[in-house]
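Indexing begins at 1, ligand by ligand and atom by atom, following the structure's order.
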Amino acid sequence: MRIPIERDGERSLWQQIEMHLRQSILTGNLAPGTRLPASRELAKDLNISRTTVENAYATLEADGLVMRHVGRGTYVLDPGTRIPPLGGRSQEGWPRWQQDLLPTARHLAHETIASSARRHPAPIALTGFGDPRRFPVKDFYRAIKEVMDRDGTAALDLGDLRGYAPLRATTAHILASQGLSVSPDSVLITSGSQQALALVIQILLSRGDTVLVESPTYDLALEFFRIYGLKVVSCPTDAWGMQVESLESVLQQQQPKLIYTMPNFQNPTGVSLSLARRHELLALSERYNIPILEDDFVGDLRYEGSAFPALKALDSNGQVIHMGTFSKMLMPGLRVGFLIADGPMYNRLVELKRVSDLATSSLIQRSLEAYITVGRYQAHLRRSCQVYRRRRDAMLNALDRSLPGARVIPPHGGLFMWVTLPEAISSRALLPFAIAEGVDYAPGGRFFTDRAEGEGYLRLNFATQTPENIEEGVRRLGTAIQHYRLLK
Ligand code: PMP
């Protein structure tokens with residue numbers, strides 16, 4: 001095997017070998033199932049020590065890109081269906097019930113990407129959600145302290161199953177300020193909105209049922225639907241969100257049990273559903289008796305224009321279940337989200353929440369409520385909108401300069417920019433080049449049911465980095481494209 005190495009290069013020899021093999025595997029040049037040369041053989045070919053090769057192989061194995069069988073050799077794994085490290089055991093070493101799980105025991109692709117990105121001396125991740133440097137650490141610390149002093153043991157008990165009552169009231173209050181009038185009794189606090197999604201699915205759908213989503217859509221919703229054994233049908237999107245006009249025949253033919261949508265600053269495209277389409281979607285949902293799950297994960301992060309009413313606010317018939325979160329405006333590690341629902345659905349949600357995790361942390365709910373109530377939240381939100389707006393503009397300018405030929409629909413809010421790559425560039429094949437340059441992004445494939453549909457796109461997060469880093473990150477992306485074009 002010929003691997004180009006530079007003996008006095010910037011990176012150590014094992015890193016160079018590891019990078020070369022990683023790129024070959026991720027670009028498909030080394031196909032799944034290929035046997036890599038034995039470490040002794042490769043060491044001799046390259047005139048380096050065997051330990052150097054062993055180090056490179058061990059790192060690839062830890063990232064799930066190759067699998068090593070003692071006595072049989074090292075094999076390339078399918079990067080799309082990476083098997084997690086097997087704790088030093090060969091596949092056959094596990095009990096049979098564990099072996100049955102192996103084909104479905106996948107790595108999350110972005111975990112591997114993040115871990116490789118760390119290897120660049122100063123990587124810039126255009127991924128993730130909000131900017132951790134903007135977490136209001138001191139204010140939140142104060143809020144926790146206040147709550148502990150004020151509530152003592154009550155703060156450490158389980159508390160109300162539906163969520164801490166004052167936080168439910170405050171949530172209703174925040175929603176009212178956004179034009180959505182709900183009673184605190186319709187609010188259920190959840191452990192992040194990811195749990196809200198899981199609860200709704202488990203109540204309304206069974207294995208084999210169909211869910212309708214936007215295409216593209218939130219990757220971890222797709223992952224959840226896959227793990228839960230659902231059939232996913234999708235409706236294409238454009239600059240005004242889901243193309244609701246083409247939906248009726250899909251609803252008639254596929255009979256989905258639920259429509260899952262992000263009407264505001266959608267993940268991954270950043271677009272919002274137009275008002276006319278909001279009305280039409282509701283009308284269809286009523287006509288075909290299909291509930292809508294409205295995921296409003298960043299509705300508050302608006303940088304220009306005025307908001308359209310939430311689907312839930314337009315819904316006079318009780319078709320819509322609304323979910324939201326404090327993760328994006330504040331801190332994802334709080335794990336506080338909420339559902340708005342009524343009637344039997346609300347009761348079923350409470351019941352399922354109880355058997356799922358008993359309750360969302362009372363201390364965190366109380367501290368969040370204390371933090372919000374003194375108005376710090378509104379101030380933090382206003383400031384975040386200013387900061388993120390500047391970052392969005394910095395990214396649009398940088399894309400103009402460094403990625404000629406790429407197209408993007410400028411988002412009016414949220415966290416993401418959806419980039420259509422120039423010509424026939426595959427975002428999956430480009431990724432190793434980008435990582436080598438020290439920039440990370442989310443390749444488009446993971447947001448589609450058919451990954452191939454996403455090859456020509458990538459998602460950039462503009463909220464996590466400073467304007468300077470955004471500028472540099474996008475410049476690196478431009479360099480990665482040049483290298484890709486030379487080598488492809
Ligand atoms: N919905 C969307 C669209 C998201 O991007 C996320 C965050 N990954 C969630 C829901 C879940 O977020 P959380 O559980 O932190 O509220």
Donor-acceptor contacts, no H, no angles, side chain residues 414-422, under 3.5 Å, sequence neighbours left out:
none

If you measure from the Lys or Arg side-chain nitrogens to the Asp or Glu carboxylate oxygens, is any gap between Arg475 and Glu472 under 4.0 Å?
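Result for this pair is yes, salt bridge flagged.
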
Pair Asp131 + Arg391: basic N to acidic O under 4.0 Å:
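Salt bridge: yes.
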
Test side chain to side chain contact (heavy atoms under 4.5 Å, CB included) on Lys353 and Leu349 and set out the steps.
CA-CA 6 Å; Lys353 161 84 181 157; Leu349 284 166; over 6 Å; no

Check ligand 1 against the protein and report each N/O to N/O distance under 3.5 Å, formatted as atom name, atom name, distance.
residue, atom, partner, partner atom, Å
ligand 1, 1 (N), Asp295, OD2, 2.6
ligand 1, 5 (O), Asn267, ND2, 3.0
ligand 1, 8 (N), Tyr218, OH, 2.9
ligand 1, 12 (O), Ser193, OG, 3.4
ligand 1, 12 (O), Lys328, NZ, 3.2
ligand 1, 14 (O), Ser193, N, 3.1
ligand 1, 14 (O), Gln194, N, 2.9
ligand 1, 14 (O), Arg335, NH2, 2.7
ligand 1, 15 (O), Ser327, OG, 2.6
ligand 1, 15 (O), Arg335, NH1, 2.7
ligand 1, 16 (O), Ser193, N, 2.7
ligand 1, 16 (O), Ser193, OG, 2.7
ligand 1, 16 (O), Thr325, OG1, 2.6
ligand 1, 16 (O), Ser327, OG, 3.3

Going by distance alone, is a donor N or O of one side chain under 3.5 Å from an acceptor N or O of the other, for Arg302 and Asn264?
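Checked: Arg302/Asn264 side chains show no N/O donor-acceptor pair below 3.5 Å.
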
Given the side-chain rings of Phe326 and Phe338, with only the six-membered ring counted for Trp, is the space between their centroids under 6.0 Å?
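Yes; Phe338 has its ring centre under 6.0 Å from that of Phe326.
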
